[in-house]
Amino acid sequence: MAAKTIIAPSILAADFARLGEEARAVEAAGADWLHVDVMDGHFVPNITLGPDVVKALRPHVKIPFDVHLMIAPVDPFLEAFRAAGADIISVHPESGSHLNRTLKRIRELGAKAGVVFNPSTDPSVIQWMMDDVDLILGLSIKPAFGGKSFMTSQLKKIETLRAMIDATGRDIPLEVDGGVTPETAPRCIAAGATALVAGTAVFRGGPDKYAANIAALRG
Ligand code: DX5
Ligand code: ZN
């Protein structure tokens with residue numbers, strides 16, 4: 001039997017006035033990780049939150065913080081996010097000059113190092129550095145906003161990334177982020193995803209619905 005799919009609710013879709021409560025509610029509802037989208041209004045056209053918010057949230061839940069950095073330059077902020085409690089730190093190759101150096105630094109800080117693929121980013125970016133990667137995230141939307149439609153064009157890329165992971169023999173989580181719903185989740189899993197990020201599909205309907213929403217993504 002295949003391992004249970006990891007569900008990582010994105011707090012981007014939570015009520016920002018009650019973030020601690022929202023984090024506790026999704027953890028109680030069965031979330032495996034908490035996905036935290038960090039945007040700077042420069043690398044992507046939206047601004048969300050910084051390390052102080054991550055730090056304030058950390059005591060509210062025990063589940064790992066899966067921090068998706070959409071900021072450039074990214075290197076100067078790695079340490080602050082790790083100190084704030086990030087367990088996984090994922091970066092876009094386009095957000096710094098030397099991806100290998102950035103990934104190495106994330107590991108030195110004691111976090112897992114993830115690489116994020118924009119819809120246009122080619123899998124070959126990590127072809128020669130698979131040993132340095134602890135998580136791969138395929139975006140199925142343009143980064144910046146939640147609630148966008150899933151880009152089916154990305155499923156082939158997920159399959160390619162799955163094959164690259166399998167060739168390593170390592171158990172590297174393959175995460176899909178953007179437009180993940182009970183309808184698109186099975187397609188992501190069939191393509192080889194082992195972790196799913198979902199904002200809108202988890203937080204819709206309010207806290208009473210979170211458990212059912214998460215269960216629906218697991219299929
Ligand atoms: C967007 C973020 C996503 C976003 C997904 O740039 O990376 O994590 O929160 O939101 P939904 O699940 O609503 O598409
Ligand atoms: Zn994200």
Side-chain angles (χ1 to χ4, degrees), residues 2-14 26 31-40 43-46 48 64-72 74 88-95 99 112-127 130 133-166 172-204 210 213-219:
K4 189 180 89 163
T5 304
I6 292 163
I7 305 294
S10 165
I11 58 160
L12 193 58
V26 289
D32 300 291
W33 297 345
L34 191 69
H35 186 80
V36 182
D37 288 304
V38 179
M39 308 186 193
D40 65 357
F43 184 66
V44 288
N46 192 10
T48 57
F65 277 16
D66 172 34
V67 176
H68 174 189
L69 297 180
M70 288 162 271
I71 61 177
V74 71
I88 304 162
I89 299 178
S90 297
V91 299
H92 289 246
E94 300 86 355
S95 66
L99 181 61
K112 302 251 187 243
V115 178
V116 188
F117 289 84
N118 273 329
S120 59
T121 307
D122 193 87
S124 63
V125 170
I126 52 165
Q127 189 175 0
M130 290 297 284
V133 174
D134 299 312
L135 174 134
I136 293 173
L137 192 166
L139 276 179
S140 37
I141 53 166
K142 281 183 295 188
F145 299 100
K148 301 292 179 198
S149 298
F150 184 87
M151 297 169 69
T152 52
S153 60
Q154 299 305 303
L155 288 165
K156 275 271 168 233
K157 192 200 289 185
I158 299 301
E159 288 175 14
T160 301
L161 291 166
R162 173 82 263 153
M164 289 168 69
I165 291 171
D166 288 347
I172 300 172
L174 178 53
E175 191 170 38
V176 179
D177 180 8
V180 174
T181 64
E183 293 70 42
T184 57
R187 301 186 71 182
C188 298
I189 294 166
T194 55
L196 301 174
V197 174
T200 311
V202 168
F203 285 93
R204 69 177 145 216
Y210 296 167
N213 290 347
I214 289 172
L217 292 171
R218 289 210 167 92

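Taking every heavy atom of both residues into account, A201 and A198 meet most closely at CB-CB, 4.2 Å. When all heavy atoms are compared, the tightest approach of F203 to P9 is CE1-CB, 3.9 Å. Taking every heavy atom of both residues into account, A193 and I158 meet most closely at N-CG2, 4.1 Å. What you find for L69 and H92 is that their closest heavy atoms are O-CD2, 3.5 Å. The shortest non-hydrogen separation linking T184 to G179 is OG1-O, 2.9 Å.
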Residue pair I88, D134: steps toward the side chain to side chain contact (heavy atoms under 4.5 Å, CB included) verdict: CA-CA 8 Å; I88 304 162; D134 299 312; over 6 Å; no
Stepwise side chain to side chain contact (heavy atoms under 4.5 Å, CB included) check, D177 with V116: CA-CA 9 Å; D177 180 8; V116 188; over 6 Å; no
Side chain to side chain contact (heavy atoms under 4.5 Å, CB included) between F65 and W33, worked out: CA-CA 6 Å; F65 277 16; W33 297 345; over 6 Å; no
Derivation of the side chain to side chain contact (heavy atoms under 4.5 Å, CB included) call for I165 and M130: CA-CA 8 Å; I165 291 171; M130 290 297 284; 4.2 Å; yes
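Under the 4.5 Å side-chain criterion, counting only non-hydrogen atoms from C-beta, L135 is not in contact with V133. Taking the side chain as every heavy atom from C-beta outward, V202 and V26 approach each other to under 4.5 Å. No side-chain heavy atom of I89 sits less than 4.5 Å from a side-chain heavy atom of K112. Side-chain contact between L99 and I126 is present, with at least one heavy-atom pair separated by less than 4.5 Å. Side-chain contact between E175 and I136: absent, with no pair of heavy atoms (C-beta onward) separated by less than 4.5 Å. Using a 4.5 Å heavy-atom threshold, the side chains of N118 and K142 count as separate.
Shown here are the side-chain hydrogen bond (donor to acceptor under 3.5 Å, both in side chains) partners of S120, two or more places apart in sequence or in another chain: there are none. Residues that satisfy the salt bridge (charged side-chain N to carboxylate O under 4.0 Å, His left out) test with R162, not counting sequence neighbours, are D166. Annotation: side chain to side chain contact (heavy atoms under 4.5 Å, CB included) contacts of A72 (sequence neighbours excluded): H42, F43, S95. With sequence neighbours excluded, no residue satisfies ring-ring contact (aromatic ring centres under 6.0 Å, His included) with F117. Under the salt bridge (charged side-chain N to carboxylate O under 4.0 Å, His left out) criterion, D32 pairs with K4, R218, not counting sequence neighbours. Partners of S10 by side-chain hydrogen bond (donor to acceptor under 3.5 Å, both in side chains), not counting sequence neighbours, listed by chain and number: D37. Remark: E94 pairs with no residue by the salt bridge (charged side-chain N to carboxylate O under 4.0 Å, His left out) rule, at least two apart or across chains. Contacts of T160 classified as side chain to side chain contact (heavy atoms under 4.5 Å, CB included), with partners at least two apart in sequence or in another chain: P123, M164. Every residue meeting the side chain to side chain contact (heavy atoms under 4.5 Å, CB included) condition with N46, not counting sequence neighbours, appears here in chain and number order: M39, T48, A144, F145. For A185, the side chain to side chain contact (heavy atoms under 4.5 Å, CB included) criterion is met by V180, L196, L217, not counting sequence neighbours. Not counting sequence neighbours, the partners of D66 by the side-chain hydrogen bond (donor to acceptor under 3.5 Å, both in side chains) test are H35.
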What pairs of donor and acceptor atoms, side-chain ones from residues 147-155 against any protein atom, are under 3.5 angstrom apart with sequence neighbours left out?
unit_1 : atom_1 : unit_2 : atom_2 : d
Q154   : OE1    : K157   : NZ     : 3.1
Q154   : NE2    : P119   : O      : 3.3

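Atom-to-atom distance recorded for I7:CD1 and N213:CG is 11.0 Å, nearest 0.5 angstrom.
When atom types are taken as modelled, the side chain of T194 and the backbone of T5 share no donor-acceptor pair closer than 3.5 angstrom.
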